[in-house]
Trainee: 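Handing you this structure, nothing more for now.
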Amino acid sequence: MRTELHRQPTSPLTDVRNLGILAHVDAGKTTVTERILYLTGAVHKQGEVHDGTTVTDFDSQERDRGITIFAAAVSCAWDGHRINLIDTPGHVDFSDEVERSLRVLDGAIAVFDAVAGVEPQSESVWRQADRHGVPRIAFVNKLDRAGAGLDTAVASIRDRLHTVPLVVQLPIGSEDGFIGVVDLLRMRALVWADGRGTFEEGQVPDALREEAQRRRRLLDEAVAELHPAALEEFCVESSVSEQTLRSALRDLTRTGEGVVVLCGSAYRNRGIEPLLEAVVAYLPSPLDVPPVRGTLDGTVQERAADPAAPFAGLVFKVNSTATGRLTCLRVYSGTIRKGDTVLDAGARRHERIGRILRVQAGRHSDVDTAVAGDIVAVIGLKTARAGATLCAPAAPLVLEPPTAADPVVSVAVEARRSTDTERLVTALARLVEEDPSLSVRTDPETGQTVLSGMGELHLEVAVEKIRRAHELEIGVGRPQVAYRETVARGVSGLVYRHVKQDGGAGQFAHVVLDTEPLEASGDDDGGSGGDAGFVFRSTVVGGRVPQEYVRAVEAGCRDALAEGPLGGHPVTGLRVTLTDGATHSKDSSEMAFRTAGRFALREALRASAMVLLEPVAEVTVTVPDDAVGGVLGDLAARRGRVSGSTARAGTAVITATVPLAELFGYATRLRSRTQGRGTFTTRPTGYAPAPNPVSPGTPAR
């Protein structure tokens, strides 16, 4: 093991790596993180997920359930480099934790199961990283398992993720006999003789020499196709040198044109040290990524990753602990010190930083300063929430916050004892503050408190957190899904006149609207819309409706989208065109036209053919061969549409699209049908028409 492992340097920016661990649930993210911490000397005892002793799964629910629920940040040192690492959840219900983490990361390790390859949530988090432009390297884990195969996993990476895998290692041995890898760049064998992560380096075994040379040739050719310098050398020398290859792999990783693929077994501590070397060699430092961009008074500004620049940081997580409110942030530019006053640019509030902490998941240590490139936690901020920009008061800037997905599942919650009602309100407010993907509202018709989230497990965890942290007895109603309404057939030329005269200045607005389904409306040129579900445009000519009144009509239409005519559900998938109108010289105003737009669209929706939409999910079920028939029948009973089925070593993997409302309690049902041997995962895929429309007057869920 290297002598540098226990050195904790104050690293310059070139020696900092901010990265996350991304993968499907049970692919081995937390075990990879744990082995990295052990190998770098950050911990002195290996933790295990099944024993509940890992550093990053420190919450009691994570240890009870054996899965990662909350993104946890840790820090370690390797070969003179500071590595800030975030272990992210792999379950689809907690994808918002992944989204907020990716917003502040410079790179990532994508972990794949060597047996299953690219699984549904692996694909989802990969797409999330694509949206944020986060460079990645891939680690094919669990090569010691029965049925594991590097080539099969790499093929699924190529086919499902549509990227170019650049495999830099060849396994030595297979399944239980997996003992090491061949480093194809140096053409050396790395063999792990013990379970401590150290390896012995030697010659490539004779039995693998020919195969290793063939794969090195394939790697040279793949890199030469993508990188000009490598192509030039390949054309002259018919090969690519190790130095050129490393440089090219670094460039291709950062541009996203290719992904470096390594392999190993984290549980057996095989392959972690080469993975750390790849992190240092290929993933970017804060200086290698573009300067962060923000807005100030409507103008776009950039802040370079410079400790001497004005301070700017983004809050990505808030935790309430026994010692106070813990606010996690990424410092993008400048320097902060204990006792500094910073500006919450969005809320326009000044906050004082009481302490700065270097976080180790559930543990932390004090530091005096944090500079550009650091990921730290601070104590003392009273109101800053996830997505808030903290900056120097003399140089304000607003950074783009992470986006939060709309909740799709809701439950009614109430305190068992009436005396605990106020405590429940406080607990829910704190919960939403910590997790922006949760929302709380009061149903106007029933008076119930409704908690909404991303899935059944998400809500179970949230309710259990309230019970444990606040010692409250809570009653929970049956989960409900978030329906939507859309237009199947619109109307043309709907006329609405808003006239009001009750003394003094009156109100007058005359509008003519067309409505149509958004997907049938062709290109969106000329329209405006703040979301993908609604587009508004005006074809009024001759100045019959001034532009400021057109904007007011659009605002009124957006007001009307909150409640549809079928059951009071939000309306989506709609295009509205203002075709004509009229004004009054004295009585017309923006308020009058906004009111007209709202009531006109309500009338138009009542006259249109409406369709109720329900959320659907892609379900991937893995079951023994002898249970396939029963599982297929159960999916059909749940209105599922099977889209694929593949056989894999005595098991079948079934993919189906199922309404989310039909998946409540499916885990219990699947276990009973398969004697506990079946597993499933879900991934939201959007909305689809529901078979039976809800009658008007049904409460919105």
Trainee: Taking all heavy atoms of Ala189 and all of Pro205, pick out the closest pair and write down the distance.
Mentor: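 Shortest heavy-atom contact: CB-CD, 4.0 Å.
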
Trainee: Answer yes or no: is there a side-chain heavy-atom contact under 4.5 Å between Arg268 and Trp192?
Mentor: no

Trainee: In chain order, what residues pass the salt bridge (charged side-chain N to carboxylate O under 4.0 Å, His left out) check against Glu233, with sequence neighbours excluded?
Mentor: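 If we apply the salt bridge (charged side-chain N to carboxylate O under 4.0 Å, His left out) test to Glu233, skipping adjacent residues, there are no hits.
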
Trainee: Heavy-atom distance under 4.5 Å between the side chains of Leu219 and Leu185, does that happen here?
Mentor: yes

Trainee: Please find the pair of heavy atoms, one from Ser101 and one from Ile86, that lie closest to each other, and give the distance.
Mentor: OG-CG2, 3.6 Å

Trainee: Return all side-chain donor-acceptor pairs below 3.5 angstrom for residues 151-158, not counting sequence neighbours, or 'none' if the list is empty.
Mentor:
{"residue": "Asp151", "atom": "OD1", "partner": "Arg215", "partner atom": "NH1", "Å": "3.0"}
{"residue": "Asp151", "atom": "OD1", "partner": "Arg215", "partner atom": "NH2", "Å": "3.3"}
{"residue": "Asp151", "atom": "OD2", "partner": "Arg215", "partner atom": "NH2", "Å": "2.9"}
{"residue": "Ser156", "atom": "OG", "partner": "Val118", "partner atom": "N", "Å": "3.1"}
{"residue": "Ser156", "atom": "OG", "partner": "Ala153", "partner atom": "O", "Å": "2.7"}

Trainee: Do you know which two heavy atoms are closest between Asp79 and His81, and how far apart they sit?
Mentor: O-ND1, 3.0 Å

Trainee: Step by step, would you call Leu85 with Leu19 a side chain to side chain contact (heavy atoms under 4.5 Å, CB included)?
Mentor: CA-CA 5 Å; Leu85 186 66; Leu19 62 135; 3.5 Å; yes

Trainee: Tell me, do Val134 and Asp106 make a side-chain contact under 4.5 Å, heavy atoms counted?
Mentor: no

Trainee: Within the 4.5 Å heavy-atom criterion, are Ile36 and Trp78 side-chain neighbours or not?
Mentor: no

Trainee: Using the salt bridge (charged side-chain N to carboxylate O under 4.0 Å, His left out) criterion, which residues pair with Glu99? Sequence neighbours excluded.
Mentor: Arg131

Trainee: Report the C-alpha separation of Asp96 and His458 in whole Å, then their side-chain angles, then the decisive distance to 0.1 Å, and conclude whether the side-chain hydrogen bond (donor to acceptor under 3.5 Å, both in side chains) test is met.
Mentor: CA-CA 11 Å; Asp96 190 67; His458 190 201; over 6 Å; no

Trainee: Please check if the number of heavy atoms outside Glu200 that lie under 6.0 Å from its CD is greater than 12.
Mentor: no

Trainee: Please name all residues satisfying ring pair (Phe, Tyr, Trp, His ring centres under 6.0 Å) with His227, sequence neighbours left out, ordered by chain then number.
Mentor: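 Residues passing ring pair (Phe, Tyr, Trp, His ring centres under 6.0 Å) with His227: none at all.
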
Trainee: Please identify each residue that fulfils side chain to side chain donor-acceptor pair (under 3.5 Å) with Thr88, with sequence neighbours left out.
Mentor: none

Trainee: Quick one: closest heavy-atom pair of Pro402 and Arg103, and the distance?
Mentor: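 Heavy atoms only, the tightest pair is CG-CG, 3.8 Å.
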
Trainee: Show the nearest heavy-atom pair for residues Asn141 and Ala27, with the distance to one decimal.
Mentor: ND2-O, 3.1 Å

Trainee: May I ask you to decide whether Asp220 forms a salt bridge with Arg217, counting only side-chain N to carboxylate O separations under 4.0 Å?
Mentor: no

Trainee: Take Leu150 and Phe178 through the side chain to side chain contact (heavy atoms under 4.5 Å, CB included) test and state the conclusion after the steps.
Mentor: CA-CA 11 Å; Leu150 175 62; Phe178 171 70; over 6 Å; no

Trainee: Under the side chain to side chain contact (heavy atoms under 4.5 Å, CB included) criterion, do Val223 and Leu245 qualify, and how do the steps go?
Mentor: CA-CA 8 Å; Val223 171; Leu245 201 54; 3.8 Å; yes

Trainee: If the condition is side-chain contact (heavy atoms from CB on, under 4.5 Å), which residues does Asp113 pass it with, not counting sequence neighbours?
Mentor: Val115, Ala116, Glu119, Lys142, Arg145

Trainee: State which residues pass salt bridge (charged side-chain N to carboxylate O under 4.0 Å, His left out) with Asp368; sequence neighbours excluded, sorted by chain then number.
Mentor: none

Trainee: How many angstroms lie between CG in Leu438 and CG in Leu459, if you round to the nearest 0.5 Å?
Mentor: 7.0 Å

Trainee: Any side-chain heavy-atom pair from Tyr38 and Ile272 closer than 4.5 angstrom?
Mentor: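 A side-chain contact under 4.5 Å is absent here.
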
Trainee: Run the side chain to side chain donor-acceptor pair (under 3.5 Å) test against Arg17 and tell me which residues pass, sequence neighbours left out.
Mentor: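 Listed in chain order: nothing, the list is empty.
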
Trainee: So for atom CD, which belongs to Glu237, do other residues, nucleotides or ligands contribute more than 12 heavy atoms lying within a distance under 6.0 Å?
Mentor: no

Trainee: Output all residues satisfying salt bridge (charged side-chain N to carboxylate O under 4.0 Å, His left out) with Asp626, sequence neighbours left out; order by chain, then residue number.
Mentor: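 So Asp626 forms a salt bridge (charged side-chain N to carboxylate O under 4.0 Å, His left out) with Arg677.
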
Trainee: Please report the shortest heavy-atom distance between Gly271 and Phe139, naming the atom on each side.
Mentor: O-CE1, 3.8 Å

Trainee: Quick one, Pro307 and Leu13 - any side-chain contact, counting heavy atoms below 4.5 Å?
Mentor: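 Result yes, sub-4.5 Å side-chain heavy-atom pair found.
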
Trainee: Under the rule for side-chain contact (heavy atoms from CB on, under 4.5 Å), what residues qualify as partners of Ala212, not counting sequence neighbours?
Mentor: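 Partners of Ala212 by the side-chain contact (heavy atoms from CB on, under 4.5 Å) criterion, ordered by chain and then number, come out as Leu170, Val182, Leu184, Met187, Val204.
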
Trainee: Can you tell if the side chain of Ser122 reaches within under 4.5 Å of the side chain of Arg160, non-hydrogen atoms only?
Mentor: no

Trainee: Excluding sequence neighbours, so at least two apart, what forms ring pair (Phe, Tyr, Trp, His ring centres under 6.0 Å) with Tyr282?
Mentor: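 Partners of Tyr282 under the ring pair (Phe, Tyr, Trp, His ring centres under 6.0 Å) test: none.
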
Trainee: Which residue pairs satisfy the salt bridge (charged side-chain N to carboxylate O under 4.0 Å, His left out) criterion with at least one member in residues 175-191, sequence neighbours excluded?
Mentor: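 As it turns out, the salt bridge (charged side-chain N to carboxylate O under 4.0 Å, His left out) pairs with a partner in residues 175-191, which skip direct neighbours, are Asp183-Arg186, Arg186-Glu201, Arg188-Glu201.
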
